[in-house]
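For reference, the structure is listed below as structure tokens.
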Amino acid sequence: MVALAAENQDRNLLSKMAAGDGHGENSNYFDGWKAYEENPFHPIDRPDGVIQMGLAENQLCGDLMRKWVLEHPEASICTAEGVNQFSDIAIFQDYHGLPEFRQAVAKFMEKTRNNRVKFDPDRIVMSGGATGAHETVAFCLANAGDGFLVPTPYYPGFDRDLRWRTGVNLVPVTCLSSNGFKITVEALEAAYENARESNIPVKGLLITNPSNPLGTTLDRECLKSLVNFTIDKGIHLIADEIYAATTFGQSEFISVAEVIEEIPDCNRDLIHIVYSLSKDMGLPGLRVGIIYSYNNRVVNIARKMSSFGLVSSQTQHLIAKMLSDEDFVDEFIRESKLRLAARHAELTTGLDGLGIGWLKAKAGLFLWMDLRSLLKTATFDSETELWRVIVHKVKLNVSPGGSFHCHEPGWFRVCFANMDHKTMETALERIRVFTSQLEESLNRTKPVAPTTMMAKKKKKCWQSSLRLSFNDTRRFEDGFFSPHSPVPPSPLVRAQT
């Protein structure tokens, strides 16, 4: 009681925002990160630790980035080769940003869209990462209580980035696995009407292309339908395109900037793009976020708001030098796509060999894994139960679909670009051990049945086996789900722990 009284007193001393939980981080998505931070995997120091597969970070081309930095010391004002520019860069810079920075970013955005569209450097507004960019756009376009339509599943961080300080509502647009989670006009209309019935004024539609968490891209016709929908409704279209250069294989990214060129009488004042260098270049720590709006008033006010989260002038200087090196940029993008494709193939080959499904897509730094067959019941409670086993027993931090507002339980986002090859092999081995022991448990309890009834009884027995496995803590403690369990070696991967 004393502790509760003290907590209430502390809350009374703070603002409602500080005392509340509107940050949106009370979810399994962020809980998985906490589990990793408490016991991070290391092949030597912590071989039983949690492998981080919940972080969408591109670390596959870090060697190329380090090589460029070593070969271009003049790009930093903190080196002997670059210190002569220290005074010019370290002094106050206004919120427009360095001209060379905006020019280099605009050109890079064109390159990641195969030079099919032009970007005006004067419309480039910088921000502290895509997080700051999204919040700034929300402040510019909507009032507290207004809403943005957001197709599901969507990035859990949007609940924090767009809602916490702005008071804006996110209205889910239900997308289903039956058509590959594609966005349909019918689903948009239904969500729009639901918002109106709830007295939520809809101010815009937010899309992520390529999709996080699906790893899919929107085709030209779909994008046109989305643009036309927003024009018809008189609402804004915000396109999050931070994964633009992460497509590989036959996958193609088409920007909304390209599509609006093909729509007669398009009201460009309603079109806005959020971009960053966090995913495409693997530089999330540099906090380079970009707002590109076709609306002059939005550009003007967003630039003023950016003073609350500017990109440091030292970072601008470095990025301007790096992105102006066209040979390096071309090599980086080409090599990144090849390495993403190879890592994606490594993971999907392993999952295919284990009979685990995944949404067919070739973009992003993750895939959308289908574990619906492993649920005891088709509920989010069952999904959470399975997720806890995977995080705390199998020691893999994958992110459950419910935290992405997916309407169907049993889907999980698995990130694959934030680790080295051997760690990926270890992760696959843990998945193999997990599924092998589930199958072993099934075989021990499988009843004799006529062939015509076998498939139905096998499914029933599988679910019964899962209920026993998830609830029998003795078997967890005995190492039932341990990554070191004695099972035959896998032909797919080489055990690393």
remark   = Interatomic distance, CG@L374 vs OG1@T435, rounded to 0.5 Å, equals 8.5 Å
query = Among side-chain atoms of T349 and D352, is any donor-acceptor pair under 3.5 angstrom?
reply = no
query = More than 12 non-hydrogen atoms from neighbouring residues, nucleotides or ligands closer than 6.0 Å to CZ on R165, yes or no?
reply = no
key: Salt-bridge criterion met for R113 and E241 (N-O under 4.0 Å)   = yes
message = In the structure I gave you, are the side-chain heavy atoms of L188 and I183 within less than 4.5 Å of one another anywhere?
response = yes
ask   = With a 4.0 Å cut-off, would you call E429 and R432 a salt bridge?
value = yes
key: Heavy-atom donor-acceptor pair, W33 side chain to G54 backbone, under 3.5 Å   = yes
query = So do W358 and D370 actually touch side chain to side chain, heavy atoms under 4.5 Å?
reply = no
task = Would you give the length of the straight line joining atom CD of E408 to atom CZ of R372, rounded to the nearest 0.5 angstrom?
result = 6.0 Å
query = Any side-chain heavy atom of I273 within less than 4.5 Å of one from V256?
reply = yes
task = Verify, without hydrogens or angle tests, whether D280 (side chain) and A245 (backbone) share a donor-acceptor contact under 3.5 angstrom.
result = yes
message = With a 3.5 Å distance limit and no angle check, can you tell me whether N28 reaches the backbone of D31 through a side-chain donor-acceptor pair?
response = no
request  = Show your reasoning for whether side chain to side chain contact (heavy atoms under 4.5 Å, CB included) applies to R163 and H23.
outcome  = CA-CA 8 Å; R163 295 176 60 242; H23 47 72; over 6 Å; no
request  = Check step by step if side chain to side chain contact (heavy atoms under 4.5 Å, CB included) holds for Y243 and Y275.
outcome  = CA-CA 8 Å; Y243 293 95; Y275 188 59; over 6 Å; no
key: Beyond-backbone contact of L354 with I431, side-chain heavy atoms, under 4.5 angstrom   = yes
ask   = Counting only N and O atoms by type, is there a donor-acceptor contact under 3.5 Å from the side chain of Q314 to the main-chain atoms of I77?
value = no
task = Verify the distance criterion only: is there a donor paired with an acceptor across the side chains of Y155 and D240 at less than 3.5 Å?
result = no
query = Do side-chain atoms of S251 reach the backbone of F248 as a donor and acceptor pair under 3.5 angstrom?
reply = no
key: Closest approach of T246 to K279 (non-hydrogen atoms, all atoms of both residues)   = CG2-O, 4.3 Å
inquiry  = Considering only residues two or more places apart or on different chains, which pairs with a residue in residues 198-211 satisfy side-chain hydrogen bond (donor to acceptor under 3.5 Å, both in side chains)?
reply    = D146-K203
request  = Return the orientation label for the Y29 and F404 ring planes: parallel under 30°, perpendicular over 60°, tilted otherwise.
outcome  = perpendicular
request  = Measure the CD1-CE distance between I290 and M109 for me, rounded to the nearest 0.5 Å.
outcome  = 7.0 Å
ask   = Where the side chain of E346 meets the backbone of M424, is there a donor-acceptor pair that is under 3.5 Å apart?
value = no
message = Can you see whether N58 engages R339 through a side-chain donor-acceptor pair at a distance of less than 3.5 angstrom?
response = no
key: Aromatic ring proximity, centroids under 6.0 angstrom, F380 and W387   = no
ask   = When you look at NZ of K182, are more than 12 heavy atoms from neighbouring residues, nucleotides or ligands closer to it than 6.0 Å?
value = no
inquiry  = Taking the basic N atoms (NZ, or NE/NH1/NH2) and the acidic carboxylate oxygens, is any pair closer than 4.0 Å for D420 and K422?
reply    = no
message = Around atom NZ of K67, are there more than 12 heavy atoms from other residues, nucleotides or ligands closer than 6.0 Å?
response = no
query = Hey, does T136 have a side-chain heavy atom less than 4.5 Å from the side chain of I291?
reply = yes
key: Distance under 6.0 Å and angle within 45° of ring axis: R66 vs F332   = no
query = Distance from I242 atom CD1 to L277 atom CG, nearest 0.5 Å?
reply = 10.5 Å
query = V288 and F101: side chain to side chain contact (heavy atoms under 4.5 Å, CB included), yes or no, with the steps?
reply = CA-CA 11 Å; V288 180; F101 167 77; 3.9 Å; yes
remark   = Residues P284 and E57: closest non-hydrogen pair is CG-OE1, 3.3 Å
message = I'd like to know if the side chain of R430 and the backbone of K395 have a donor-acceptor N/O pair within less than 3.5 Å.
response = yes
ask   = Have T379 and S382 got a donor and an acceptor in their side chains that come within less than 3.5 Å?
value = no
R46 side chain to N39 side chain, donor-acceptor N/O pair below 3.5 angstrom = yes
Aromatic ring pairing F416/H344, orientation class (parallel under 30°, perpendicular over 60°, tilted between) = perpendicular
message = How long is the straight-line distance from CD1 of I319 back to CE of M126, given to the nearest 0.5 Å?
response = 12.5 Å
ask   = Do R413 and L214 have side chains that get closer than 4.5 Å, going by heavy atoms?
value = no
ask   = Got T131 and R160 here, is their nearest side-chain heavy-atom distance under 4.5 Å?
value = yes
task = Working to the nearest 0.5 Å, report the span between CG of D159 and CH2 of W164.
result = 13.0 Å
ask   = Is the H134-F158 ring centre distance short of 6.0 angstrom?
value = yes
message = Looking at R303, is its backbone amide N or carbonyl O close enough to the side chain of S306 to form a donor-acceptor pair, meaning the two atoms are under 3.5 Å apart?
response = yes
ask   = Could you go step by step and tell me if T174 and H407 meet the side-chain hydrogen bond (donor to acceptor under 3.5 Å, both in side chains) rule?
value = CA-CA 7 Å; T174 303; H407 286 257; 3.3 Å; yes
ask   = If only atom types and distance count, is the side chain of S276 paired as donor or acceptor with the main-chain N or O of G289 below 3.5 Å?
value = no
request  = Answer yes or no: is there a donor N or O on one side and an acceptor on the other, between the side chain of S177 and the main chain of G180, under 3.5 Å?
outcome  = no
ask   = What is the minimum heavy-atom distance between Y36 and I51, and which atoms define it?
value = CD1-C, 4.3 Å
request  = Applying ring pair (Phe, Tyr, Trp, His ring centres under 6.0 Å), name anything that partners H317, two or more places apart in sequence or on another chain.
outcome  = none
ask   = Passes side-chain hydrogen bond (donor to acceptor under 3.5 Å, both in side chains), K337 versus T247? Steps please.
value = CA-CA 7 Å; K337 289 177 180 290; T247 55; 2.9 Å; yes
note = Residues V168 and A142: closest non-hydrogen pair is CG2-CB, 3.8 Å
query = So does K34 pair up with E37, basic N to acidic O under 4.0 Å?
reply = no
request  = Evaluate the side-chain hydrogen bond (donor to acceptor under 3.5 Å, both in side chains) criterion for residues E135 and T166: first the C-alpha distance (whole Å), next the side-chain angles of each, then the deciding distance (0.1 Å), finally the verdict.
outcome  = CA-CA 7 Å; E135 186 184 60; T166 66; over 6 Å; no
Tell me which donor-acceptor pairs under 3.5 Å the side chains of residues 361-369 have, and how far apart each pair is, sequence neighbours excluded?
none

query = What's the verdict on side chain to side chain contact (heavy atoms under 4.5 Å, CB included) for T426 and F41, showing C-alpha distance, side-chain angles and the deciding distance?
reply = CA-CA 10 Å; T426 302; F41 169 81; 4.2 Å; yes
Any side-chain donor near an acceptor of the partner, Q52 and N397, under 3.5 Å = yes
key: Minimum-distance pair of heavy atoms, taken over all atoms of F412 and P400   = CD2-CA, 3.6 Å
note = When every non-hydrogen atom of L162 is compared with those of A138, the smallest separation belongs to O-CB, 4.3 Å
